[in-house]
Trainee: 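Could you have a look at this structure, given as structure tokens, before my questions?
First the proteins, then the strands, lettered A, B, ... as listed; each starts at 1.
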Amino acid sequence: MRENLPKNYNPKEFEEKLYEYWNENGYFTPKVDNSKKPYTIMMPPPNVTGTLHMGHALNNTIQDILIRYKRMQGFEALWLPGTDHASISTEAKVVEKLKSEGKSKEELGREKFLEESWEWTKVYGGRIKNQLKKLGVSCDWSRERFTLDEHMNKAVTEMFVRLYEKGLIYRGDRIINWCPNCHTAISDAEVEHEDTHRYMYYIRYPLKDENDGIIIATTRPETMFGDLAIAVNPNDERYKEYIGKTAILPLSNREIPIIADEYVEMDFGTGALKITPSHDPNDFEVGERHNLGHLIVLDEDARINENGGIYKGLDRFDARKKVAEDLKEQGYLIDIKEYENAVGHCERCKTVIEPIISKQWFVKMEPLAKPAIDAYNNGELKFIPDRFGKVYLHWLENIRDWCISRQLWWGHRLPVYYCESCGEVIVSRDEVEKCNVCGSYNIKQDTDTLDTWFSSGLWPFSTLGWPDKTPDLEYFFPTDTLVTGYDIIFFWVIRMVVTSLSEMGEVPFKDVFLTGLVRDSQGRKMSKSLGNGIDPLEIIDEYGADALRFTLVTGNSPGNDMRFYIERVEANRNFANKLWNASRFLLMNLEENFSSLSDEEMELVDEDKWILTKLNEIIPQINDNLDKYELGLAAEKIYNFLWEDYCDWYIEMVKTRLYGEDGLNKKTAQTVLLRVLKEILKLLHPFMPFITEEIWQHLPETEKPLIIENWPIKNDNMVFEREKEEIDYIKTAIKAIRNIRSEMNVPMSKKSKLIFVPDNEEIKETILKNSRKFITLASAEDLEIENKNIKFGTDYVSIVLEKCEVYMPLKDLIDITKEIERLDKERLRLEDEINRVDKKLANEGFVSKAPKNIIDEEKQKKIKYTQMLESVKDRLKILQNIVEEDK
RNA sequence: GGGUGGUUAGUUCAGCUGGCAGAGCGCCACGUUGACAUCGUGGAGGUCGUUGGUUCGAGUCCAAUACCACCCACCA
């Protein structure tokens, strides 16, 4: 028994309920079925303790649209969800919490700290999952993963060991980016460069045993305690004689050599450069070339250490000031100039990072990058939009080794063990208890953890069970589409491609769909500090998830940033409301025991054929759009089809039949109404899953829920070109009549008589066949056909159409002068058009080179306009004669 | 220093392979006709940043250029 749709569209009444219904019935869970094709998307795992923001909403809406589309097309569609342990960010939060309780992580110890962290993720971890559900995400929760799960650890360890065994992971003393606030090394990708206003200090380093000196320029004078040389360019005439001599380091009076190295730019600064191998990546290289050794002067809080003498304990920025002051006092500081350059900041906490030499673990990237470059060039990997391919290539072609060890506790601990007795380094899949070299049991595991992106870099296959050969992995891998923001191409996309190519032997996904940023209405990035973030959940609460989803995928194109306007959500809520009411209208006009007619039984009239043709035209277009990831275009087509074609025209045209008695005619209208609505619901379902399913469940003759219904395919038996054109003609006529009535301020309630003067029998027939439409849609009370010779006087308004004229008796409302003016304007317009067409057709180049259909079109236009112009002229002549006679 | 994107109606944006410029919102006028005022009908509003080029034909392709935004980069 069908129940009626409630009078008002209220998404709250059904969204949650439907989600539960889908989820509980297992519609989100695909099976491994070799008779069907899989389609797989891995959800980019949000931070486990995060909250849903617009970026997530956009991302997941897109993924859900793709998954629902493919599911309806009959694929075994797997969308695997999960969360990321976000080591650095979660650890910082837990540390902060401990701090507020007056505790520190060191006091607590590693084990207790991890317990706290797990507790934290338990408290805040479920949040984002429930928030995602409100969006309607049809992902398979039975396969949910967490990047720090035990199984994930197995995968991470396996990957680490394999890469180590291939010589692609190594440990070494390198310059890394140290965050003095997070107390850990971070990778290059995690450093944000920002132009910063600083000062350039010009410092004179005196020469040993000589009354001379050399001036260097630096922005970081506090690192001078780590200077191990001064370098000049070997070709620099100014400094040739200094090479090989010894300089005295001011403030500490240490002796350092003056060396020559090509790296030094002669025309920058003073052409002489202080070399601080332990605190600058370039100096490090220079130092290596000249065997300068290392000297670290900053501790892990970026304070000067014991190598800085009396400056020990000073923060780097305080030390900078103090050093400058003292240099000035002692006469070494020659000049200070304002200077602007890019300074690296920690991506997470925005602290200025400090390049510092440190023993860390690295992944050797160059050998891994090569196959990743090839994969793009071969077309195995595609980006949408394609321009991001260049960004991807550029990064890979200039890749540097990836620092993967972090001095954090919350994460995957390195599967590395050290023998405290003989110093052996053991990398192992299993826990090591005994040294395989010296036999000692004095073994300690490395205390560092891995970069979060190391574990998320395995996401496309670790989630499916890798390194085990599971049926899931076999069936669903490689995945099809990755949907993510362009801002994490380097962090994540590249790492997944690289690890997958290396260990799986193929790309982890075929298409990478990159989304832009969702900005506020003023185009600013949404951020916590600005407080301009718009909470998706509040939007859902007020307007429903469907309206939000629709807003996020329309009016923008892939990879481009979009502005978020509440007005657009409102407009899309109105669209949902329109659909709701159209459906309600249909249900109100279906009998309780309605059963639709078969193709053979139906007695289709023009408007039925028109709407069916239109429907069958957009289906392939929408498929095409979706296959090309043009979601916005697809959505727009459905929007227009529903609102304009179905609601504004078809429903209005069909009303008289619904209210009438004629059984077959009425039943045909009902059948077509229902059929087309069902197709609309299917097409719209991926975009607006809730409202479409809700309506669907209220419709008669549905066998299964919409979520697993079959995706529409074009029905060639229901395409009627001629009728489509006829109805389009009728629409044009109705619009023209409405236009005139509106111009003349004829109220809707005042019905008018319409007198048609058709040019030929064909048009006459079309008009007669569709006469009722003029009565309901053009406020006509009556309709007459007259022949050409009848002359209508000044009591009539005339409308000139293609192949037909229409006259309306509107005696009191007509101002003859204005009417002549109006027609004269029309005359001018048509003459202009004809001139334009004539010019085109007179153009030798156009006629000989343009495609035939374009030329034919122009010729048709010429015929049409000429005929219309004649009619307008005739009418003008009649009116002008009457005016003359009156004089 | 290198690279990318944007510049189209008052506003926010679409516009796929070149063939008489589109939408939402806003605005103006009319209208509560038995799905919907979260609505209907009609309307106003654009030299598609600028300059060249290719072409029968350019918002669309090419080359410059301006402005805005972003990304990358080890000149201290």
Trainee: Does NZ in K818(A) sit with more than 12 non-hydrogen atoms of other residues, nucleotides or ligands closer than 6.0 Å?
Mentor: no

Trainee: Record whether the side chain of R836(A) comes under 3.5 Å of the base of C20(B) through a donor-acceptor pair of N or O atoms.
Mentor: yes

Trainee: Hey, does I275(A) reach any base, or is it just sugar-phosphate, or nothing, if we go heavy atoms under 4.0 Å?
Mentor: nothing

Trainee: Using OP1 and OP2 only, check whether a side-chain N or O of T218(A) sits under 4.0 Å from A76(B).
Mentor: no

Trainee: Which of the following nucleotides, C16(B), G19(B), U41(B), is nearest to the side chain of D648(A)?
Mentor: U41(B)

Trainee: Going by the angle between their ring planes, with limits at 30° and 60°, are Y9(A) and W580(A) parallel, tilted or perpendicular?
Mentor: tilted

Trainee: Does a nitrogen or oxygen in the side chain of R568(A) sit under 4.0 Å from OP1 or OP2 of U12(B)?
Mentor: no

Trainee: Could you check how far CG of L631(A) sits from C1' of C16(B), rounded to whole Å?
Mentor: 14 Å

Trainee: Using the rule ring-ring contact (aromatic ring centres under 6.0 Å, His included), only one of F383(A), Y376(A), Y486(A) pairs with F388(A); which is it?
Mentor: Y486(A)

Trainee: What's the closest nucleotide to the side chain of F268(A) if the choices are A76(B), A35(B), U38(B)?
Mentor: A76(B)

Trainee: G43(B) and C36(B): how far apart are their C1' atoms, nearest whole angstrom?
Mentor: 23 Å

Trainee: Side chain of E636(A) only, heavy atoms from C-beta on: which candidate in A14(B), C56(B), C72(B) is closest?
Mentor: A14(B)

Trainee: Closer to the 5' end of RNA chain B via nearest nucleotide, is it K390(A) or E630(A)?
Mentor: K390(A)

Trainee: What does N341(A) touch in the nucleic acid at a heavy-atom separation under 4.0 angstrom: a base, only the sugar-phosphate, or nothing?
Mentor: sugar-phosphate

Trainee: Under a 3.5 Å distance rule, please check whether R320(A) uses its side chain to pair with a backbone N or O of E222(A) as donor and acceptor.
Mentor: no

Trainee: Hey, is the side chain of R573(A) pairing donor to acceptor with the base of U38(B) inside 3.5 Å?
Mentor: yes

Trainee: Choosing from G19(B), G24(B), A76(B), which nucleotide comes nearest the side chain of F846(A)?
Mentor: G19(B)

Trainee: Between C56(B), A76(B), A35(B), which one does the side chain of K655(A) approach most closely?
Mentor: A35(B)

Trainee: Rounding to the closest angstrom, what is the interatomic distance between U11(B) and C16(B) at atom P?
Mentor: 23 Å

Trainee: Any donor-acceptor pair under 3.5 Å joining the side chain of N282(A) to the base of C74(B)?
Mentor: yes

Trainee: Checking all strands, does Y486(A) fall into the base, sugar-phosphate, or nothing category for heavy-atom contacts under 4.0 angstrom?
Mentor: nothing

Trainee: Give me the distance, rounded to whole Å, that separates A37(B) from C30(B) when you measure between the C1' atoms they each carry.
Mentor: 14 Å

Trainee: Would you indicate what Q522(A) reaches in the nucleic acid, counting non-hydrogen atoms under 4.0 angstrom: base, sugar-phosphate, or nothing?
Mentor: nothing

Trainee: Which residue, Y339(A) or V191(A), contacts RNA chain B at a nucleotide closer to its 5' end, judged by nearest heavy atom?
Mentor: V191(A)

Trainee: Does this structure show an ion pair linking R174(A) with D401(A), if we count only N-O contacts that are shorter than 4.0 Å?
Mentor: no

Trainee: Suppose the criterion is side-chain hydrogen bond (donor to acceptor under 3.5 Å, both in side chains): which pairs have a residue in residues 844-855 of chain A, not counting sequence neighbours?
Mentor: K852(A)-D856(A)

Trainee: Quick one: is W649(A) getting a side-chain N or O under 4.0 Å of the U41(B) phosphate, OP1 or OP2?
Mentor: no

Trainee: What's the gap between G49(B) and G24(B) when it is taken at their C1' atoms, as a whole Å value?
Mentor: 24 Å

Trainee: Please confirm whether the shortest side-chain N or O distance from R400(A) to OP1 or OP2 of C74(B) is below 4.0 Å.
Mentor: yes

Trainee: Heavy atoms under 4.0 Å, any strand shown: does A582(A) hit a base, just sugar-phosphate, or nothing?
Mentor: base

Trainee: Looking only at atom C1', what distance separates C74(B) and A69(B), rounded to whole Å?
Mentor: 26 Å

Trainee: Pick base, sugar-phosphate or nothing for P747(A), based on heavy-atom distances below 4.0 Å to the nucleic acid.
Mentor: nothing

Trainee: Within a reach of under 6.0 Å around OH of Y199(A), are more than 12 heavy atoms found that belong to other residues, nucleotides or ligands?
Mentor: no

Trainee: Quick one: is Y392(A) getting a side-chain N or O under 4.0 Å of the U4(B) phosphate, OP1 or OP2?
Mentor: no

Trainee: Output the pairing pattern of RNA chain B as a dot-bracket string, 5' first, Watson-Crick or G-U wobble with both distances under 3.5 Å, | for cross-strand pairs, [ ] for crossing pairs.
Mentor: (((((((..((((.....[..)))).(((((.......))))).....(((((..]....))))))))))))....

Trainee: Which nucleotide sits closest to the side chain of S557(A): G15(B), G19(B), G24(B)?
Mentor: G15(B)

Trainee: Can you identify which nucleotide, out of G42(B), U4(B), C56(B), has its nearest atom closest to the K735(A) side chain?
Mentor: G42(B)

Trainee: Using the P atom as the point on both nucleotides, what is the distance between C68(B) and A63(B), in whole Å?
Mentor: 23 Å

Trainee: Choose from G43(B), C20(B), A35(B) the nucleotide whose nearest atom is closest to any side-chain atom of N739(A).
Mentor: G43(B)

Trainee: Just to be sure I understand the rule, does K861(A) reach a base, reach only the sugar-phosphate, or reach nothing, if contact means heavy atoms closer than 4.0 Å?
Mentor: base

Trainee: Determine the contact category for E833(A): base if any of its heavy atoms lies under 4.0 Å from a base atom, sugar-phosphate if only primed atoms, P, OP1 or OP2 are that close, otherwise nothing.
Mentor: base

Trainee: I need the full list of side-chain hydrogen bond (donor to acceptor under 3.5 Å, both in side chains) pairs touching residues 731-749 of chain A, with sequence neighbours left out, sorted by first then second residue.
Mentor: R741(A)-S752(A)

Trainee: Sticking with atom C1', work out how far C56(B) lies from G1(B), rounded to a whole angstrom.
Mentor: 45 Å

Trainee: From the list U12(B), A35(B), A76(B), which nucleotide is the closest neighbour of the side chain of T219(A)?
Mentor: A76(B)

Trainee: Could you give the CG-to-C1' distance, from N745(A) to G31(B), as a whole number of Å?
Mentor: 12 Å

Trainee: Does C13(B) have its OP1 or OP2 closer than 4.0 Å to a side-chain nitrogen or oxygen of N560(A)?
Mentor: no

Trainee: Does a side-chain N or O of N581(A) approach OP1 or OP2 of C39(B) to a distance below 4.0 Å, or not?
Mentor: no

Trainee: Using a cut-off of strictly less than 4.0 Å, decide whether K578(A) has a side-chain nitrogen or oxygen near OP1 or OP2 of G40(B).
Mentor: yes

Trainee: Taking K12(A) first and then D541(A), would you say they form a salt bridge - that is, a charged N and a carboxylate O separated by under 4.0 Å?
Mentor: yes

Trainee: Atom NZ of K751(A) to atom C1' of U33(B): distance rounded to whole Å?
Mentor: 7 Å

Trainee: Touch check for V837(A), heavy atoms < 4.0 angstrom, all strands: base, sugar-phosphate only, or nothing?
Mentor: nothing

Trainee: Rounding to an integer number of angstrom, what distance separates A44(B) and A9(B) when you compare their C1' atoms?
Mentor: 11 Å

Trainee: Between C20(B), C13(B), G19(B), which nucleotide has the shortest distance from any of its atoms to the side chain of I854(A)?
Mentor: G19(B)

Trainee: Start with the C-alpha gap between T656(A) and R772(A), add the side-chain angles, then the distance that decides, and say whether side chain to side chain donor-acceptor pair (under 3.5 Å) holds.
Mentor: CA-CA 8 Å; T656(A) 49; R772(A) 307 247 10 178; 4.7 Å; no

Trainee: Using a strict threshold of under 4.0 Å (side-chain N to carboxylate O), is an ion pair present between K382(A) and D386(A)?
Mentor: no

Trainee: Hey, is the side chain of R738(A) poking within less than 4.0 Å of OP1 or OP2 on G42(B), counting only N and O atoms?
Mentor: yes

